[in-house]
Amino acid sequence: QVQLVESGGGSVQNGGSLRLSCRIVSGYISDTYLMGWFRQAPGKEREGVAAIYTYSNLNYYADSVKGRFTISQDNAENTMYLQLNNVQPEDTATYYCAADTRSYGGNWTIELIYNVWGQGTQVTVSS
C-alpha cells in the first residue's frame with residue numbers, strides 16, 4: 001500500500017518561493033496513475049491545486065496558481081514536488097498530496113479519485 005509523506009511547508013513572505021515535497025515511503029511512483037496537490041484554507045473547502053499523470057507527465061493546474069506553481073516528479077527519488085513561486089497571502093493553507101493507485105479516472109480535481117492521502121503540510125504567507 002502506497003503511503004505519502006509531505007514536507008517543505010513553512011512561513012514565507014508575500015512574493016517568495018517554497019518547494020513542497022511528497023515522498024512515497026511505501027511503494028513507488030510507478031504504483032500510481034495520478035498524483036495531486038490539494039489545499040485547505042481555514043474556513044474553506046479543500047480544493048485542487050495541481051495534478052500530474054505519473055506515466056505521461058501530463059499536468060494540470062487550478063487557474064488561481066497557473067503560472068506561479070509547478071508540479072513535477074522524480075521517479076528515482078519516488079517524490080512529487082510542488083514549486084510555489086510568487087506566493088500570495090491567499091495561498092496560505094494546509095497542503096495535501098494525494099495519489100490514485102487504482103486508475104479510477106475522472107477530473108483531477110475530484111477528491112474521490114484519490115485513494116491515498118498524506119497528512120498535510122502548512123504553508124503560511126505573510127504580507
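Only this structure's heavy atoms are used, side chains among them; waters, hydrogens and symmetry mates stay out. Predicted model, so just to flag it, every value in this text is computed and none were measured.
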What are the two closest non-hydrogen atoms of [X] and [Y], and how far apart are they?
{"X": "Pro89", "Y": "Val125", "value": "N-CG1, 3.7 Å"}
{"X": "Gly118", "Y": "Tyr96", "value": "O-CD2, 3.8 Å"}
{"X": "Thr101", "Y": "Val2", "value": "CG2-CG2, 4.0 Å"}

Worksheet item: Side chains of Arg68 and Tyr61: does their closest heavy-atom pair fall under 4.5 Å?
Response: no

Discussion item. A side-chain contact here means heavy atoms from C-beta on lying under 4.5 Å apart; do Ile52 and Trp108 qualify?
Written reply: no

For [X], does the [atom1] atom sit with more than 12 other heavy atoms under 6.0 Å from it, leaving out its own atoms?
{"X": "Lys66", "atom1": "NZ", "answer": "yes"}
{"X": "Gln13", "atom1": "CD", "answer": "no"}
{"X": "Tyr104", "atom1": "OH", "answer": "no"}

Using the rule that two of Ile, Leu, Val, Met, Phe, Trp, Tyr join whenever any of their side-chain heavy atoms come within less than 4.5 Å, decide whether [X] and [Y] are in one cluster.
{"X": "Val65", "Y": "Tyr95", "answer": "yes"}
{"X": "Leu58", "Y": "Ile29", "answer": "no"}
{"X": "Ile110", "Y": "Tyr60", "answer": "yes"}

Response to the item:
In Asn75, Thr32, Asp100, the residue satisfying side chain to side chain donor-acceptor pair (under 3.5 Å) with Thr54 is Thr32

Worksheet item: Per the side chain to side chain donor-acceptor pair (under 3.5 Å) rule, which among Gln122, Arg46, Gln119, Glu6 passes with Thr94?
Response: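 Testing Thr94 for a side chain to side chain donor-acceptor pair (under 3.5 Å) against Gln122, Arg46, Gln119, Glu6 leaves exactly one candidate, Gln122.
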
Practice prompt. Give the intermediate values and the outcome of side chain to side chain contact (heavy atoms under 4.5 Å, CB included) for residues Thr121 and Leu20.
Written response: CA-CA 8 Å; Thr121 186; Leu20 306 183; 4.1 Å; yes

Fill in: Trace of the side chain to side chain contact (heavy atoms under 4.5 Å, CB included) decision for Met35 with Ile24
CA-CA 11 Å; Met35 294 188 72; Ile24 298 178; 4.2 Å; yes

Worksheet item: Mind checking whether Phe38 and Tyr114 have parallel, tilted or perpendicular rings, split at 30° and 60°?
Response: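 If you compare the ring of Phe38 with that of Tyr114, the planes turn out perpendicular.
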
